[in-house]
Amino acid sequence: MNVTPDRPEAPVNGLPDFPWDRLTPLKELAASHPDGIVDLSVGTPVDPVPAVVRQALADASDSPGYPLTYGTERLRSAAAGWLRRRHGVIVDQADVLPLIGSKEFVAWLPTLLGAGPGQRVILPELAYPTYDVGARLAGAEPYATDGLLTLGPERVPLVWVNSPSNPTGRVLPAEHLRKVVAWAREHGAVVASDECYIELGWEERPVSILHPDVCGGSHEGLLAVHSLSKRSNLAGYRAGFVAGDPVLIKRLLEIRKHAGMIMPAPVQAAMAVALDDDEHAEEQRARYAARRAALRPALEAAGWKIEHSTAGLYLWASNGAGCWDQVRALADRGILVAPGDFYGTAGERHVRIAVTAGDERISAAVRRLQ
Ligand SMILES: Cc1ncc(COP(=O)(O)O)c(C=O)c1O
C-alpha cells in the first residue's frame with residue numbers, strides 16, 4: 001500500500017501567514033529614501049546589552065553540562081527579588097520558571113495546559129498575534145474579545161491579558177484585572193498575564209496580576225509572564241520567566257523537562273545579574289522616554305492622533321485613513337511602521353509605531369515628519 005505522508009506545504013493547524021512578510025514591499029519603499037530607512041515596525045531593541053550582563057554571560061561560558069529546566073535557584077531568586085522590589089509582588093523562588101524568551105511560552109501555553117478542540121482560548125481584541133497562534137497550535141479556538149461577560153457560563157481553559165498592551169500601550173487598572181481574575185475563577189480558567197512591558201509605564205503605572213491588590217494574595221490559577229528583552233535589551237539572549245500558581249508552575253515544569261525547553265546556563269547567569277541590577281534598566285527607560293517625547297509631538301503635528309500609549313514601547317496612532325494607506329504615507333517619507341490590522345480587525349484604522357530606533361534615526365524621523 002502506498003501511504004502518502006502529509007506534505008510539508010499543508011497548512012499547520014490553520015496557522016496564518018507570518019504577518020511581517022506582507023510588509024516587505026513597503027519596507028523596500030521606505031529603504032529607498034535617500035537618507036535611509038527609519039524602521040519603527042518590529043520593535044526590536046537596538047541599544048547595547050548592559051556591560052554587567054555581558055560580563056556575567058562571559059563568566060559563565062565554560063558550561064559543558066546540561067542545565068536544569070527549572071533553572072538555578074540563583075536565577076529564580078533574582079526573579080522573585082525583582083518582582084518584590086519593583087512590583088510589590090511576593091512570590092516564592094520555587095514558583096518561578098525560566099523561559100527561552102516569552103514568545104515560546106505564549107505559543108505553547110495552551111498546549112501545555114491541555115487545551116484542545118471544542119475549547120476557546122480568550123485573548124484581547126487587539127493583541128500580539130502569538131496568543132492566537134498558540135490557541136491554534138493546541139487545536140483550540142482563539143477568541144478575541146475584551147468583554148468576558150458576553151461569554152455566558154462556558155468554561156474556558158485560558159484567558160490572556162496583556163498590560164501594558166502591545167500594540168496599544170493601554171494599561172489595565174487593578175480594578176479591571178480584579179474582575180478578570182474573579183471571572184476566571186468562576187469559570188475554571190487560568191489567567192495568563194503577559195507583563196513584558198511592565199517596567200515601561202509613562203503616564204500610568206502598570207500593575208501585575210500577582211499584586212495583592214489584584215489577586216487578594218492568592219496566586220491560584222494565575223501566571224505572570226515576564227521578559228528581559230525590552231527591560232535589559234536581551235531579545236538576542238532569549239530570556240524570560242513565568243511566575244505564579246505553584247501547582248501550575250510544577251505541572252508546566254514537568255512537561256517542559258520532557259520537551260527539553262531549557263534555558264542555556266550562561267543565559268541563566270546573565271539574566272540573574274540583569275534582574276538584580278536596576279541601574280541599566282533606568283538608563284534604558286530614559287532612552288525610550290526621550291525618543292517617545294521627540295516622536296509623539298512630531299506625529300501629532302503631521303496629523304496623527306495618538307490613542308492609549310500611556311505605557312509600553314509603542315505609539316498607537318491614526319490619521320483616520322485605512323492602516324495600509326497610513327503605512328504607505330509614512331513609508332513615502334522613509335519611515336516604516338506596522339499596520340494596525342496585524343493585531344486584529346479593530347486595528348484597521350491605526351498604525352503601531354515603535355520607539356525602538358536609535359536617537360539619530362528618531363531625529364531623522366522627526367525631521368521627515370515636519
Ligand atoms: C506582548 C508581547 N509578548 C511577548 C513578546 C515576546 O517577547 P520575548 O520572546 O522577546 O520575551 C513580545 C515581543 O515583542 C510582545 O510584544
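Indexing begins at 1, ligand by ligand and atom by atom, following the structure's order.
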Query raised in the report: So D245 and K250, salt bridge (charged side-chain N to carboxylate O under 4.0 Å, His left out) or not? Walk me through it.
Result: CA-CA 9 Å; D245 183 333; K250 268 194 192 63; over 6 Å; no
Query raised in the report: Going through the distances and angles, do W108 and R256 end up as a side chain to side chain contact (heavy atoms under 4.5 Å, CB included)?
Result: CA-CA 10 Å; W108 292 112; R256 290 173 65 87; 5.9 Å; no
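For G240, the closest heavy-atom approach to ligand 1 does not fall below 4.0 Å. Distances shorter than 4.0 angstrom occur between a heavy atom of Y131 and an atom of ligand 1.
With atom 16 (O) of ligand 1 as the reference point, the heavy atom nearest to it among Y237, Y197, F241 is part of Y197. Nearest residue to atom 14 (O) of ligand 1 from E195, K103, K230, R238 is K230 (criterion: closest heavy atom).
Checked against a 6.0 Å centroid threshold, the rings of W202 and Y288 do not count as neighbours.
Taking every heavy atom of C196 and a limit of under 4.0 angstrom, the matching atoms of ligand 1 come to 1 (C), 2 (C), 3 (N), 4 (C), 15 (C). Taking every heavy atom of G101 and a limit of under 4.0 angstrom, the matching atoms of ligand 1 come to 9 (O), 11 (O). Contact atoms of ligand 1 toward N166: 1 (C), 15 (C), 16 (O) (distance under 4.0 Å to a heavy atom of the residue).
With respect to atom 3 (N) of ligand 1, the closest heavy atom belonging to the protein is D194 OD2, 2.5 Å.
Aromatic ring pairs are classed by plane angle as parallel below 30°, tilted from 30° to 60° and perpendicular above 60°; the pair H226 and H87 is parallel.
Put simply, the side chain of L126 reaches to within 4.5 Å of the side chain of W316, judged on heavy atoms. Residues V159 and W183 are in side-chain contact: their nearest non-hydrogen atoms beyond the backbone lie under 4.5 Å apart.
Checking only distances, S102 does come within under 3.5 Å of ligand 1, N or O to N or O. Checked against a 3.5 angstrom limit, the closest N/O atoms of S229 and ligand 1 fall inside it.
Note: D332 CG to R368 CZ = 12.0 Å, rounded to the nearest 0.5 Å.
Residue N162 touches ligand 1 through its side chain alone, judged by heavy-atom distances below 4.0 Å.
Defined by atom type and a distance below 3.5 Å, a donor-acceptor pair is missing between the side-chain atoms of E154 and H187.
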